[in-house]
Amino acid sequence: MSKIEMKTPLVEMDGDEMTRILWKMIKEELLEPYIELKTEYYDLGLEHRNETDDQVTIDSAEATKKYGVAVKCATITPNAARVEEYSLKEMWKSPNGTIRAILDGTVFRAPIQVKGIEPCVKNWEKPITLARHAYGDVYKNTEIRVPGPGKAELVFKNSDGTEIRELIQEFDGPGIIQGIHNKDNSIISFARSCFNYALDTKQDIWFATKDTISKVYDHRFKDIFQEIYENEYKEKFESNGLEYFYTLIDDAVARVMKTKGGFIWACKNYDGDVMSDMVSSACGSLAMMTSVLVSPTGVYEYEAAHGTVQRHYYKHLQGEETSTNSVATIFAWTGALRKRGELDGISELCSFADKLEKATLSTIESGKMTKDLALITSMKDVTVLNSQNFIKAIRESLDAML
């Protein structure tokens with residue numbers, strides 16, 4: 001069988017620790033034998049980010065804007081311990097946060113459902129996709145520890161020198177204050193990314209906040225979504241048989257438990273962070289969850305939703321065998337390859353991505369899986385494979401299909 005030719009490169013962002021090891025295995029076993037893989041490579045491993053003063057992360061994001069599609073390995077966001085471990089010049093920011101900011105993107109996360117790994121919520125027949133706004137709120141907060149009695153005010157100074165001033169609280173003793181913000185332009189980008197992704201994937205959208213309590217802040221999100229839907233997307237949604245509606249976040253949480261799934265749930269930053277973990281945990285494992293960053297201009301960056309699997313990496317360095325789940329990383333590659341094929345009109349590339357995903361799931365359904373899945377599967381007498389042999393088993397399934 002001749003290899004599939006690519007026209008335009010993918011932006012390839014390599015990463016850290018155990019996922020970097022899996023990344024190499026996936027390319028060698030599941031991609032390069034079948035595709036003339038064309039990528040523009042960026043090493044986002046922590047050592048190289050440190051060497052380049054994190055310029056490599058910025059360069060990779062700019063390349064993604066240029067080529068339109070990227071695939072990213074999991075990366076370390078350093079804390080104080082990592083600064084010491086890697087002798088870092090400084091505590092570099094999250095690569096994901098840097099890339100999100102440059103692309104002005106929204107994160108869409110969805111569980112990978114497979115027979116034998118049933119969701120805790122039994123009626124969830126299809127994946128629920130969480131759309132998380134990736135700017136502002138508590139993640140860009142300003143905090144004060146109040147030492148004692150006094151008055152706290154929220155003050156905004158206009159460029160013309162006038163002020164808007166609101167009382168926060170008259171403190172009669174120690175306490176805490178937190179200031180959060182968001183920007184209309186970011187909310188607009190969030191809304192457009194959600195509506196575009198819904199049309200792309202043919203899914204309904206729920207959007208949920210708490211506007212009954214947060215009558216200015218959350219209500220602004222609600223108003224912007226409604227305005228953009230009415231002015232730009234309503235006819236497209238109706239012609240595609242899709243629905244958009246707004247509901248309170250507490251109503252959405254109650255309602256989501258009774259649905260069959262198969263829709264996009266759009267949330268503010270913190271809500272999306274929490275709810276995506278809830279959905280992934282209910283579906284079995286973070287290693288079985290896809291993540292794609294989508295910009296309002298239609299740029300896509302695919303990755304796994306989990307981290308670098310540090311514990312397994314240290315075992316690997318000591319020569320011990322690991323059984324690390326590579327499914328989400330494989331699906332990051334298939335998502336990027338499929339999108340590249342769609343944009344470049346290469347049906348063979350899209351078909352290959354479909355088959356690799358099917359081969360991955362059929363391998364699990366045949367009873368061959370990594371240890372994390374073996375612990376939660378409803379199947380009996382499964383075979384637990386190590387990291388490399390699981391990928392080799394997928395290749396056997398893929399070869400049988402091809």
Side-chain angles (χ1 to χ4, degrees), residues 100 103-111 121 124 126-140 180-280 282 289-298 305:
R100 281 197 297 260
L103 297 184
D104 194 20
T106 295
V107 180
F108 295 88
R109 289 184 170 176
V121 183
W124 285 358
K126 298 178 182 179
I128 296 168
T129 300
L130 260 293
R132 174 188 170 189
H133 186 212
Y135 177 82
D137 302 345
V138 70
Y139 299 87
K140 277 192 172 291
I180 63 172
H181 79 279
N182 226 292
K183 298 189 289 189
D184 280 12
N185 284 343
S186 182
I187 303 169
I188 290 166
S189 293
F190 174 41
R192 287 192 176 126
S193 292
C194 288
F195 292 133
N196 287 336
Y197 194 72
L199 290 168
D200 191 27
T201 58
K202 300 294 185 287
Q203 295 185 86
D204 295 339
I205 293 187
W206 301 12
F207 180 48
T209 72
K210 192 68 172 176
D211 70 291
T212 51
I213 302 300
S214 179
K215 298 179 187 297
V216 175
Y217 197 101
D218 281 22
H219 210 293
R220 187 64 183 143
F221 278 82
K222 176 184 177 182
D223 287 345
I224 287 174
F225 261 72
Q226 193 63 41
E227 288 166 12
I228 289 176
Y229 176 71
E230 293 287 345
N231 295 333
E232 301 178 30
Y233 290 95
K234 185 175 181 180
E235 290 183 8
K236 295 175 186 175
F237 266 60
E238 290 176 349
S239 65
N240 281 276
L242 300 177
E243 182 182 17
Y244 164 71
F245 67 85
Y246 173 84
T247 185
L248 290 171
I249 186 71
D250 41 337
D251 291 339
V253 170
R255 184 172 176 176
V256 75
M257 295 300 172
K258 300 179 179 66
T259 70
K260 293 184 177 181
F263 58 89
I264 296 169
W265 183 5
C267 293
K268 288 167 53 194
N269 209 345
Y270 177 76
D271 296 340
D273 192 359
V274 174
M275 296 307 167
S276 65
D277 283 350
M278 183 269 289
V279 169
S280 67
M289 193 162 200
T290 62
S291 182
V292 54
L293 178 70
V294 183
S295 82
T297 58

Show the nearest heavy-atom pair for residues [X] and [Y], with the distance to one decimal.
| X | Y | result |
| --- | --- | --- |
| D250 | K210 | OD2-NZ, 3.0 Å |
| R109 | S276 | NH1-OG, 4.1 Å |
| C194 | A131 | SG-CB, 3.8 Å |
| A252 | A208 | CB-CB, 3.8 Å |
| P296 | L103 | CD-O, 4.1 Å |

Reported [atom1]-to-[atom2] distance for the pair [X] and [Y], which is rounded to 0.5 angstrom:
| X | Y | atom1 | atom2 | value |
| --- | --- | --- | --- | --- |
| L248 | R255 | CG | CZ | 11.5 Å |
| N269 | R100 | CG | CZ | 7.0 Å |
| T259 | W206 | OG1 | CH2 | 5.0 Å |
| D218 | I213 | CG | CD1 | 10.0 Å |
| K202 | I264 | NZ | CD1 | 11.0 Å |
| T209 | D271 | OG1 | CG | 8.0 Å |

4.5 Å side-chain heavy-atom contact, [X] and [Y]:
| X | Y | answer |
| --- | --- | --- |
| V107 | S291 | yes |
| R192 | E232 | yes |
| F263 | I128 | yes |
| Q226 | E230 | yes |
| C267 | R132 | no |
| M257 | W124 | yes |
| F245 | D204 | no |
| Y197 | I205 | no |

Does K236 count as lying over the ring of Y233, i.e. NZ or CZ under 6.0 Å from the six-ring centre, within 45 degrees of the axis?
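Flagged: K236 positioned over aromatic ring of Y233.
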message = Check for me whether the distance between the ring centres of Y135 and H181 falls short of 6.0 Å.
response = yes
With side-chain contact (heavy atoms from CB on, under 4.5 Å) as the criterion, how do T201 and F108 come out once you've worked through the C-alpha distance, each side chain's angles and the decisive distance to 0.1 Å? CA-CA 11 Å; T201 58; F108 295 88; over 6 Å; no
In sequence, state the C-alpha distance, the side-chain angles, and the governing distance for N182 and H133, and then conclude on side-chain contact (heavy atoms from CB on, under 4.5 Å).
CA-CA 10 Å; N182 226 292; H133 186 212; 3.2 Å; yes
Would you confirm whether [X], through its side chain, and [Y], through its main-chain N or O, come within 3.5 Å as a donor-acceptor pair?
| X | Y | answer |
| --- | --- | --- |
| S214 | D211 | no |
| S280 | D277 | yes |
| W265 | V253 | no |
| T290 | A110 | yes |

Original post:
Taking atom OH of Y270 as the centre, does the number of heavy atoms from other residues, nucleotides or ligands within less than 6.0 Å exceed 12?
Top reply: no
Exercise for the section: Decide side-chain contact (heavy atoms from CB on, under 4.5 Å) for V294 and N196; before the verdict, give the C-alpha distance in whole Å, the side-chain angles of both, and the deciding distance to 0.1 Å. Expected result: CA-CA 9 Å; V294 183; N196 287 336; 5.8 Å; no
Worksheet entry | Test ring pair (Phe, Tyr, Trp, His ring centres under 6.0 Å) applied to F207 and Y229, F195, F225, the passing residue |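 Testing each of Y229, F195, F225 against F207, the sole residue satisfying ring pair (Phe, Tyr, Trp, His ring centres under 6.0 Å) is F225.
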